[in-house]
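Following: one structure in structure tokens, then a few remarks.
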Amino acid sequence: MSDTAQPVQPARRTAAAPKASKTPEATAATEATAAPGNPSVRPRQRDAFFDNAKYLAIVLVAMGHAWEPLRSDSRAVTALYTIVYAFHMPAFIIISGYFSRTFDASPAKIKRLVTGVVVPYVVFETAYTLFTRWSDGVPDRPVSLLDPLYLTWFLAALFIWRLTTPIWRSVRWPLPIALTVAALATLSPSIGNDLDLQRTLQFLPYFVLGLCLRPEHFSLVRQWRVRLLALPVFAAAVVFSYWAVPRMDYAWLFHRDAAEHFGVPAWYGPLMTLALFGCSLILVACFLSWVPGRRMWFTTLGAGTLYGYLLHGFVVQAGNHFDWAAHRWPHTPLGEIAVTLVAGLVVTALCTAPVRRVFRCVMEPRMEWAFRKTEPEAGRVPAQARR
């Protein structure tokens with residue numbers, strides 16, 4: 001989403017080569033370190049591929065939310081909704097994990113985690129609670145920082161995932177362990193709503209997978225052979241999704257409930273965990289294979305996807321309050337197309353630089369006053385004085 005939470009920040013950029021590249025080998029944010037005033041040193045560079053991927057994914061998130069009121073009377077919309085939910089958040093989370101590889105719980109990284117994830121979580125959890133008191137007609141809804149409301153679950157999850165990064169970077173089999181944790185979560189209906197832990201655990205394997213990926217893996221999925229193969233694979237997925245609409249509960253893709261919630265035997269949970277993980281990875285690979293690697297007109301918007309993610313929820317909630325879907329026209333084929341386009345335009349506008357400037361104070365706040373100065377900033381004691 002944005003620089004500060006790269007998926008809900010999907011992905012902080014890691015340091016890389018000082019030269020920009022059109023391939024994933026060049027990391028999204030490269031900082032040149034050289035003597036001040038050296039004109040040959042390029043400033044910070046971003047990798048267009050990842051910014052493009054984040055922007056396209058956030059557009060799909062907004063479209064998915066716009067389709068929600070239209071699912072009941074359109075099998076086609078429900079099929080597309082199912083497909084999108086099978087890969088858009090997994091893609092965000094994988095990218096978030098990929099750019100969290102250098103998180104080491106150092107003071108600088110903790111500061112970025114607090115200012116880029118914790119502060120926006122507190123602000124938007126409070127804001128959504130107050131806003132939905134009006135939009136949902138629940139005037140006494142309490143503000144609870146332990147029970148994420150609506151879109152803020154991702155920030156809570158990202159906070160937990162990032163804090164556990166050193167563990168996953170240390171163990172020998174991180175992905176199998178993460179899949180086991182996710183599978184066991186589906187067997188545990190007693191897991192409460194605190195920090196949306198059920199969803200955090202079930203989405204954990206995607207974050208851990210991102211931690212395990214290297215630049216060459218992204219280059220691999222962008223080969224022309226993979227791009228060609230992605231077309232029939234995605235087409236088959238659409239056909240299967242259309243067939244599965246009356247036969248499968250798409251709520252499995254939300255990863256927020258245990259198997260017991262769906263009225264099925266407990267062993268369905270681990271089975272669905274593995275099946276959905278495999279299907280989502282295939283669709284994420286298809287999606288990434290067609291993400292442009294060069295700069296496009298929307299590339300710069302990739303730096304503001306956290307803004308679009310969190311802010312578009314207020315538009316959705318306001319629309320629901322006024323019950324726009326009660327009109328007949330949005331349920332027609334032309335109306336469904338129009339709703340889809342409007343959703344894309346709205347979230348695009350919310351990712352632009354003017355919007356980011358307005359909300360930067362709460363999304364990327366400067367909070368030097370809240371942190372102790374690190375040793376380089378405070379000045380180290382000379383070695384002779386320490387003896």
Side-chain angles (χ1 to χ4, degrees), residues 1 3 6-7 9-33 42 44-57 86-104 109 158 161-162 164-179 203-234 274 277-296 299 302-303 305:
M1 296 169 203
D3 281 348
Q6 311 270 354
Q9 282 164 319
R12 272 284 188 183
R13 310 306 202 199
T14 55
K19 200 172 183 181
S21 170
K22 293 182 179 180
T23 64
E25 284 81 17
T27 54
T30 304
E31 296 223 9
T33 54
R42 292 187 178 184
R44 179 178 177 175
Q45 301 288 338
R46 298 184 65 93
D47 190 326
F49 170 75
F50 289 105
D51 278 337
N52 292 340
K54 291 190 300 170
Y55 167 75
L56 295 173
F87 75 87
H88 69 8
M89 286 311 298
F92 261 134
I93 296 169
I94 288 171
I95 294 174
S96 297
Y98 178 71
F99 286 113
S100 296
R101 294 172 300 162
T102 60
F103 184 87
D104 55 5
K109 297 295 175 63
L158 186 61
W161 294 332
R162 282 247 173 98
T164 61
T165 292
I167 298 175
W168 303 113
R169 299 288 291 169
S170 300
V171 297
R172 180 167 295 179
W173 302 290
L175 188 56
I177 294 175
L179 282 168
F203 271 120
L204 175 65
Y206 300 98
F207 183 82
V208 173
L209 174 63
L211 293 174
C212 299
L213 293 179
R214 298 187 298 274
E216 53 265 31
H217 294 127
F218 291 95
S219 297
L220 181 64
V221 300
R222 296 176 61 213
Q223 295 179 355
W224 67 269
R225 295 179 183 85
V226 179
R227 291 180 175 177
L228 291 179
L229 182 62
L231 295 176
V233 170
F234 200 84
L274 296 177
F277 184 74
C279 292
S280 293
L281 288 192
I282 292 173
L283 292 176
V284 169
C286 292
F287 168 70
L288 293 178
S289 71
W290 282 99
V291 170
R294 63 185 184 280
R295 290 191 63 82
M296 307 291 288
T299 300
T305 48

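- Here the side chain of S280 pairs a donor or acceptor atom with the backbone of A86 at under 3.5 angstrom.
- Across R222 and L288, no two heavy atoms sit closer than the pair CG-O, 3.8 Å.
- Closest heavy-atom contact between K109 and T102: NZ-O, 2.9 Å.
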Show which side-chain atoms of residues 207-215 pair as donor or acceptor with protein atoms under 3.5 Å away, not counting sequence neighbours.
from : atom 1 : to   : atom 2 : distance (Å)
R214 : NE     : E216 : OE2    : 2.7

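- For F287, the ring-ring contact (aromatic ring centres under 6.0 Å, His included) criterion is met by F87, not counting sequence neighbours.
- D51 and A303 get closest at one heavy-atom pair: OD1-N, 3.9 Å.
- A donor-acceptor contact shorter than 3.5 Å links the side chain of R101 to the backbone of Y98.
- Screening residues 165-177 for side-chain hydrogen bond (donor to acceptor under 3.5 Å, both in side chains) gives T164-W168 as the qualifying pairs, with residues at least two apart or on separate chains.
- Residues passing the ring-ring contact (aromatic ring centres under 6.0 Å, His included) test with F277 are Y206, sequence neighbours excluded.
- Put simply, the side chain of N52 never gets that close to the backbone of V291: no donor and acceptor are under 3.5 Å apart.
- To the nearest 0.5 Å, atom OG of residue S100 and atom CD1 of residue I95 are 11.5 Å apart.
- Heavy-atom minimum distance, P205 versus L175: O-CD1, 3.5 Å.
- Interatomic distance, H88 NE2 to L56 CG, rounded to the nearest 0.5 Å: 13.0 Å.
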Check the pair L281, I94 against side-chain contact (heavy atoms from CB on, under 4.5 Å), reporting the backbone distance first and the verdict last. CA-CA 10 Å; L281 288 192; I94 288 171; 3.9 Å; yes

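- Listed by chain and residue number, C286, S289, W290 satisfy the side-chain contact (heavy atoms from CB on, under 4.5 Å) test with A230 (two or more places apart in sequence, or in another chain).
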